Amino acid sequence: MIDECYSSPIGWAMRFLVRCGGKIINVDPHETRIAGHTTTGCTAPPFFALKTTENNSNSPHFPAKGIFLILSTYHVKLLGYRGNVFYNRSMKQSDSPGAGQNASRFLAAVVESSDDAIITKDLNGIITSWNKAAENIFGYTAQEIIGKPVVLLIPADRENEEPNILRRLRSGEKIDHYETVRRRKDGTLLDISLTVSPVRDEQGVVIGASKVARDITSRKRYEAELTRAREELARTNAELEERVVERTASLERAIRQMEEFSYSVSHDLRSPIRAMKGFATAALEDHGEQLPREVRDYLERIIRSGARMERLIHDVLIYSRLARAEIAMQPVALDHLIPEIVHHYPEMQPPRAEISIRQPLLPVLGHESSLTQALSNLLSNGVKFVPPGVIPKLKVWTEARNGDVRLWIEDNGIGIKPDYQNRLFLMFERIHQNPQYEGTGIGLAIVRKTIEKMGGEVGVKSDGQNGSSFWIQLPASPVPP
Amino acid sequence: MKPPPQRILLVEDDESDAFFMKRAMTKALFPPPIHVATNGQDAMDYLEGAAHYADRASYPLPQCVFLDLKLPFINGFQVLQWMRDQPTLKDLPVFVLTSSPEESDRERAKQLGALAYLIKPPTPEMLKKSLSLLPLCAGFQPGPA
C-alpha cells in the first residue's frame, strides 16, 4: 500500500516521492518509472493519487495531485490529474498513521468512480480485479467474474484476439486504443476501445495486465449516424446537382426558344409589314398622280403605321436581347463618345439642333456599344420633344458623385410633369398623346435596362414646363480610357 | 419574239417580296432578266439544270443569285453551302437578300462567300450598286433613272 507521497521540483522536472510499504520511491512523471525501490503491497488496486499545489513552496516536499497507475515496481503510468486532495501538508507533517487507509479508500473511490471499465488480469487471462464501470458496461458483478477467464467477454468470432493480446503483453508491448467488440453478460455486443498494458514485478517480469475499456457503442452509433448523415448529404447534394443541371438545361432551352422567337419576330412579323408598306409605296410612286389627295393621304398613313410597327419590333427585340446580353465593363471616354453620336444624327446638329458639351466629360466604366445605344436614345428624345417652332438646345455635362459619374442631358423641351416621371422608364409608357411626339414607348425602358445592366442608375428632373434634365450615373473610370 | 434569257436567279418564297424585287429591278435595269425560284430545292434544280430546267437556252446559268435566307425546307444558307460544294457553281456570285439584321447571319453569309448582304426591301439604288460589284456585269444595261 502507498503510505505517503510528495512532489518536489528537481531541476525543471516535477518528481513525485512516494512512500510505499516503508520504502521511498521516486516517481518521475516524464519517465513514468519508479527508481529502484521495492513497493511491496502496491499492487491491489494498482492506483495511487498525488496532489500538487503551486510549486512555489519553500519545502522540498509539498503536496501533489494526480492519479497514477502502478504497472510494476519500475513503471508508473500517469493517468491524469484528477480526483480529490489526497495528502496535504498537514497530513504529511503529522505523518498520520491513518494516511495509508485514506489513500486506499481514495484510490478505491477513484477506480470505482471511473466511467471506464478498469480490469486487471494475469497472464493466463484470468480476471483479477473488476471495477464498478466494468460491471455497468459488461453486466457481470466483480464477485461473479473475478477468477474467471477474460474470454467470457470475447465474442466467438474474435476469440483469436485474446492469445494475440497475451502474446504481445508477454513481450512487454502495450496495446493502445484498440477498437474491438466485446460481449456483455446478456450476450449483446458492444463496441469498446481497449488500452491494455503489461504489469511487471520488481524484476521487470510481466506478471499480468491492466485493461482500461471504454464503451464506445454510442460513439460508434454517432459515427454510424454521421456516416449515414454524410451519405444522405452526399445523396441530397447529388440530387441538387442533378436538379441544377436539369434547370440549367431547361433555362438554356428557354433561352434558345426565346432566341428562336426573336429570330422569327424579326423575319416573320416584319415581312407582312414590309409588304404593306411596299405596296402602299408602289401605289403612291406608280399611280400617285392619278389618285385623289384623300387616297394619297390614306396610303401615306399606311406607310407611316408600317414604319412605326417596324420601329416597335426593332425596339422590342433590342429590349429582349438586353436582358440576355453579357456585357463587359471598360473605361469609356464620354468626351469622344458623345460628339461621335451627335455626328451620326443630322437631327442633333445645326441648324436643326444645338448640343453644347461642357468639357471635360469625366470618363466612366461601361460597355461602350450599350452606352452608345442608351445615350443615342436620350439625345434623340432631347431634340425630339420640343414645342413646335422651337430649336432644341441641349446641354451635356458630368459631375463626380462619390466614386460615380453623373452625366446630365438638359433640354429646352416640353418637360415631363412630376406625376409621370416614375412611369417614364417603364415599357410601353408614352406620356404624350400628341402624334407629333410619336415614339414606341420603349426607348427609355431600353435606356434604363441598359444602364442598370452596367450597374448604373438613370433618372429625370423636370417641373413639367421648362424642359427636362435626364441623367445617367455610372461608376467612374479608375484609369483614363 | 422570244423573251431575253433570264440572267438573274432570285430565290424567294414570298410573293410580295418577289414583286418588290422585280419592281426595283425594273427601275434599275430594263428589261428585268429575273427568274424566281420559290424554295431552296427549286433553286438547286435550276442551278443544276435538273428536271424541267434542263433546257439551258431557256434557263441559262445566271450571272448572279439573289438569295433569301428564310426559305421553306432548305434554307438560304444550305443553298449557299451546297453551291460552294459544286465545282461549277462555287464561284457564282451570290447576294444575300434578307429581312434579318442579325449580325450572326451577316457573318455567316460573309464566311460562305456572299458578295453582299442586303436587307429588304430592295431599292433600285441598292441593286445598281450591288450589280456593279459583279466581275462580269457588262451584260447588264442600266434602266431608265
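Residue numbers begin at 1 in each chain, while the letters A, B, ... track the order of the sequences. Nothing here was measured: the structure is a model prediction, and the numbers come from that model.
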Interchain donor-acceptor contacts below 3.5 Å (chain A, chain B):
from, atom 1, to, atom 2, distance (Å)
A:Tyr263, OH, B:Asp105, OD1, 3.4
A:Tyr263, OH, B:Asp105, OD2, 2.6
A:Asp268, OD1, B:Lys70, NZ, 2.9
A:Asp268, OD2, B:Lys70, NZ, 3.1
A:Ser271, OG, B:Asp14, OD2, 3.1
A:Arg274, NE, B:Asp17, OD1, 3.3
A:Arg274, NH2, B:Asp17, OD1, 3.4
A:Arg274, NH2, B:Asp17, OD2, 2.6
A:Glu285, OE1, B:Arg23, NH2, 2.8
A:Asp286, OD1, B:Arg23, NH2, 2.8
A:Asp286, OD2, B:Arg23, NE, 3.0
A:Arg321, NH2, B:Glu102, OE2, 2.6

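Closest approach of B:Phe20 and A:Phe279 over heavy atoms only: CZ-N, 3.3 Å.
No more than 12 heavy-atom neighbours from other residues, nucleotides or ligands sit within 6.0 angstrom of CD on A:Glu294.
Interface with chain B: from residues 329-346 of chain A, no residue qualifies, criterion being any non-hydrogen pair under 4.5 Å.
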